[in-house]
Amino acid sequence: MSRNFLGMKHLKKEDVENIVNRAYQYKNNSSLYKNALKDKNIITMFFENSTRTKTSFTLSAKKMSANVIDIDYQKSSMQKGETDFDTITNLDAMHPDAFVIRHFHSGYPAFLSKFTDAAVINAGDGICEHPSQAILDLVTMFEVKKDIENLNVCIVGDIINSRVAKSHIETAKMFNWNLSFYGPKTMLPKQEWIENIKIEKDFESAINDKDFIMLLRIQLERKSGSNLPSLSEYSKFFGINECNIPKDTHIMHPGPVNRGIELSSSVMDNSEYALITKQVENGVFARMAIYDFCLN
Ligand code: CP
């Protein structure tokens with residue numbers, strides 16, 4: 001019997017704690033995961049571009065001895081007009097154990113999960129959720145703080161278009177975070193839509209006294225740039241650099257970073273502050289633990 005991994009809002013706190021703990025154990029002991037997915041067949045389908053998520057879902061499956069088959073959207077029969085739905089039902093007829101799906105439509109992995117017995121793993125859907133990113137962020141926070149409860153976290157940037165922010169709204173409820181948002185008004189949800197999340201009034205209060213500041217990418221492919229007067233103004237008023245970075249905080253970013261816009265090179269490349277490559281490293285172990293949750 002397999003389980004889906006569709007979003008943080010579908011998971012119990014206990015499930016999330018188990019996945020995070022398992023990822024941390026995997027990081028520290030490779031004998032725990034070798035052969036854990038032997039004879040399992042995993043299909044990856046990315047309808048949107050990806051570097052980190054696709055590579056780490058593939059790498060983690062291979063490290064666990066699974067077979068991984070990637071469906072290249074550009075070279076598949078979808079280019080002949082076959083629908084996503086027909087594609088997945090035909091692939092399902094080959095009885096894979098899991099589908100890892102990134103799709104530009106919000107809710108699409110959940111929709112497709114109704115038509116397969118295989119586990120469906122959401123690798124990011126539209127502007128809805130990016131739950132494996134939330135898990136790897138939690139693993140990274142745990143590694144740094146040794147605790148993921150009661151954290152002070154501010155997410156800065158294009159909140160409305162961010163599936164990472166949507167997943168962390170759920171994380172914040174589970175782990176009693178003091179979560180706040182900051183960004184240009186055109187990129188922030190209305191306060192009445194987000195109970196218990198503070199909209200910060202100014203940059204200073206947004207960045208001070210936070211355990212973690214999470215910066216989000218201006219999603220130029222989703223036309224986020226059209227909600228801004230200019231990218232250089234965004235950088236001036238909302239970017240973190242060597243002059244304004246607060247002491248005793250950690251900077252996170254899901255990547256890819258618009259270098260010099262959300263974050264200056266001097267901060268981005270300084271691992272004393274920036275956890276970005278640690279997040280990517282932990283992504284491999286987080287995704288292993290997600291496979292374990294779904295398939296074992
Ligand atoms: N963080 C993230 O989802 O990166 P990719 O788009 O490169 O997978």
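Note that the structure is predicted; figures quoted are calculated from it, not measured. Atoms within a ligand are numbered from 1 in the order they appear, just like the ligands themselves.
Side chain of Arg163 to backbone of Gly126: a donor-acceptor contact under 3.5 angstrom is found. With hydrogens and angles ignored, the 3.5 Å screen pairs a side-chain donor or acceptor of Lys210 with a backbone N or O of Asn208.
Any N or O atom pair closer than 3.5 Å counts here, and Arg102 shares at least one such pair with ligand 1. In terms of N/O distances under 3.5 Å, ligand 1 is approached by Pro254.
For Lys34, the NZ atom is loosely surrounded, since the number of other residues' heavy atoms within 6.0 Å does not exceed 12. For CD of Gln79, the number of neighbouring non-hydrogen atoms (other residues, nucleotides, ligands) closer than 6.0 Å is greater than 12.
Annotation: cation-pi pair Arg102/Phe46 absent, no NZ/CZ under 6.0 Å from the ring centroid and within 45° of its normal.
Ring pair Phe238/Tyr182: centre-to-centre distance below 6.0 Å.
Annotation: atom 2 (C) of ligand 1 to nearest protein heavy atom, Thr53 OG1, 3.4 Å. In this structure, the protein non-hydrogen atom closest to atom 7 (O) of ligand 1 is Thr51 N, 2.8 Å. In terms of protein heavy-atom proximity, atom 4 (O) of ligand 1 is closest to Arg52 NE, 3.0 Å.
Within ligand 1, counting atoms from 1 as listed, the ones closer than 4.0 Å to a heavy atom of Gly255 are 1 (N), 2 (C), 4 (O). Of all atoms in ligand 1, listed by their number and element, those nearer than 4.0 Å to a heavy atom of His130 are 2 (C), 3 (O). Close contacts of ligand 1 with Gln133, meaning ligand atoms under 4.0 Å from a residue heavy atom, involve 1 (N).
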